[in-house]
Structures are given as C-alpha cells and as structure tokens.
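Below is one structure, written out as structure tokens, with a few remarks after it.
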Amino acid sequence: GIQVEQSPPDLILQEGANSTLRCNFSDSVNNLQWFHQNPWGQLINLFYIPSGTKQNGRLSATTVATERYSLLYISSSQTTDSGVYFCAVEKMNRDDKIIFGKGTRLHILP
Amino acid sequence: DGGITQSPKYLFRKEGQNVTLSCEQNLNHDAMYWYRQDPGQGLRLIYYSQIVNDFQKGDIAEGYSVSREKKESFPLTVTSAQKNPTAFYLCASSQRGITGELFFGEGSRLTVL
C-alpha cells in the first residue's frame with residue numbers, strides 16, 4: 001500500500017520561531033490533508049491541499065503532487081501550536097481509504 | 001450543530017467482554033471510518049464504509065466488527081478476540097465525490113482491565 005512518511009518525528013522550538021514539517025508519499029494521491037491533534041486528542045483540519053499552496057493566518061501548506069511531497073509551514077509559533085501534526089492521503093484510485101503518516105510532535109516552549 | 005458524535009468518551013471493561021463504540025454524524029456524509037491510535041503513535045485504519053450496508057476492512061480489522069445500517073451511524077464492536085484493545089478510537093466521515101475532506105469525532109478512550 002501507499003507509504004506516508006513525516007519528518008521530523010519530534011520538534012522542540014522556542015515561542016516565536018518558524019518551522020517546516022514535511023510529508024512524503026510513495027504513490028500518486030487524489031487528496032492530501034493536514035491535521036493538528038491537540039492535547040485532548042481532538043483532530044482539527046488544517047488544510048485540504050491535493051496540490052498548490054494555501055494559507056490560513058500563520059499557517060500555510062504547499063503540496064507538489066508530481067514530486068510526492070507536502071510541506072506545512074508554521075510561522076511565529078505560539079504555545080497553542082503544540083501537539084501532533086498529521087498528514088493524511090487518499091490514493092489516486094479513489095478507494096476512499098485514507099492513510100495517515102505517523103505524525104510530527106511539536107512542542108513550543110514559552 | 002453539524003458534526004460527529006462519539007460515545008462514550010471513556011470506557012473501562014474487563015478482559016473478555018465485547019464493547020460497542022457509537023459513532024453518529026449529521027453531516028450527510030457518505031463515507032465513515034474507524035481509526036485506532038496507540039500512545040505516541042499515528043492513526044491506523046480499522047474499517048471504513050463508503051455507503052450504507054457496505055464496509056471494507058482496513059489495515060488492522062482483526063478482532064473488530066462494524067455495521068452500517070443507516071447513513072448517519074457506524075458503530076464499532078471491539079470483540080474479545082482483539083488481543084490488545086486498550087487504545088484511543090477515532091471515528092471520522094467524509095463526503096465522497098466532492099472534496100473528500102475528513103472530519104473527526106472527539107474519540108473514545110477504551111481501557112481493558
């Protein structure tokens with residue numbers, strides 16, 4: 001099946017710093033999403049981004065489908081950005097089977 | 001409010017007992033999913049359903065069962081055959097054929113004593 005790899009696995013930053021999280025996938029995909037899991041376990045949609053670039057406040061994402069990767073940028077980090085960031089993809093054959101990477105655990109220090 | 005409701009949020013059971021976790025959505029989504037998350041790990045797909053009365057096994061279906069009798073409901077039963085059932089279970093839904101964007105419930109934390 002399709003492989004989804006996220007890097008780095010863990011990241012510790014000072015408040016105010018910028019960060020880039022990466023998601024590589026092994027096959028063509030129909031869609032790609034980024035999620036943030038808060039300390040209570042809730043998964044929040046950040047971006048639905050099968051290709052191109054999107055921005056939402058301090059967060060932006062870019063997916064280069066032809067090269068099979070996506071990047072999530074977080075600028076001017078805040079402590080509330082802490083948590084786990086997941087990338088999830090649906091394979092191109094649209095079997096609706098959405099596969100997650102193992103996530104990047106981000107810890108923002110005050 | 002539209003969304004996905006999972007219940008119960010916390011559940012304790014003795015070993016050998018079957019447990020059913022509820023998932024209800026009022027988003028009118030066709031597809032529904034169950035994922036399992038272990039501490040410090042990613043999400044693994046247990047079962048998914050693209051349409052009423054149809055469902056497919058995910059990557060870790062052994063020891064679990066599901067039903068999809070209504071569009072809005074996708075309950076998961078953790079059977080006694082599941083060797084290590086203690087985990088955080090997440091239900092999600094998406095609308096096929098449009099964006100495929102996935103939305104999650106708040107999760108159910110199962111502890112088997």
Side-chain angles (χ1 to χ4, degrees), chain A residues 1-11 21 23-25 28-52 54 56 61 63 65 83-107, chain B residues 2-6 8-10 21 23 27 29-52 54-61 68 74 87-111:
Chain A
I2 191 168
Q3 304 298 314
V4 182
E5 294 181 359
Q6 292 187 242
S7 60
D10 296 280
L11 191 56
L21 282 56
C23 173
N24 291 337
F25 41 95
S28 299
V29 297
N30 201 56
N31 65 55
L32 183 145
Q33 298 173 67
W34 284 98
F35 295 87
H36 175 219
Q37 187 171 37
N38 66 24
W40 296 273
Q42 178 75 40
L43 277 144
I44 308 297
N45 303 61
L46 296 176
F47 294 102
Y48 174 82
I49 185 165
S51 64
K54 289 186 178 179
N56 184 4
T63 297
V84 185
Y85 290 81
F86 290 103
C87 163
V89 303
E90 179 189 358
K91 215 176 146 184
M92 186 59 83
N93 67 358
R94 287 197 62 81
D95 63 1
D96 285 326
K97 188 177 174 182
I98 299 176
I99 301 299
F100 280 73
K102 291 187 176 180
T104 292
R105 185 172 298 275
L106 178 64
H107 189 55
Chain B
I4 300 173
T5 302
Q6 289 188 239
K9 286 191 169 42
Y10 298 94
L21 306 180
C23 178
L27 300 168
H29 284 171
D30 291 313
M32 296 187 75
Y33 309 81
W34 275 104
Y35 290 91
R36 170 182 170 138
Q37 187 177 30
D38 293 287
Q41 302 295 314
L43 277 68
R44 294 183 290 168
L45 183 62
I46 305 172
Y47 270 98
Y48 63 109
S49 168
Q50 298 164 317
I51 199 166
V52 175
D54 187 45
F55 48 83
Q56 289 79 39
K57 292 182 179 179
D59 299 317
I60 55 164
R68 188 86 189 275
F74 192 41
F88 188 47
Y89 292 89
L90 286 152
C91 178
S93 71
S94 70
Q95 182 66 291
R96 296 186 70 213
I98 302 180
T99 67
E101 196 170 352
L102 198 62
F103 294 90
F104 279 89
E106 293 185 341
S108 293
R109 198 170 296 277
L110 172 63
T111 302

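Below, chains carry the letters A, B, ... as their sequence lines are ordered, and counting in each starts from 1.
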Taking the side chain as C-beta and beyond, is there a heavy-atom pair between Leu102(B) and Phe35(A) under 4.5 Å? yes
A side-chain contact here means heavy atoms from C-beta on lying under 4.5 Å apart; do Ile99(A) and Asp59(B) qualify? yes
Bottom line for Gln37(A): the part with an atom under 4.5 Å from chain B's heavy atoms is side chain
Between the CD1 atom in Ile98(A) and the OH atom in Tyr35(B), the distance rounded to the nearest 0.5 Å is 5.0 Å
Note, Leu90(B) side chain near Leu43(A) side chain (heavy atom, < 4.5 Å): yes
Gap between atom CZ of Phe86(A) and atom CZ of Phe104(B) - 0.5 Å precision: 9.0 Å
Which residues satisfy the salt bridge (Lys or Arg N to Asp or Glu O under 4.0 Å) test with Arg44(B), sequence neighbours excluded? Asp38(B)
For Asp10(A), all residues meeting salt bridge (Lys or Arg N to Asp or Glu O under 4.0 Å), sequence neighbours excluded: none
Using a 4.5 angstrom heavy-atom cutoff, name the option from Gly41(A), Pro9(A), Gly103(A) with the most pairs to chain B. Gly41(A)
Taking atom CD1 of Ile44(A) as the centre, does the number of heavy atoms from other residues, nucleotides or ligands within less than 6.0 Å exceed 12? yes
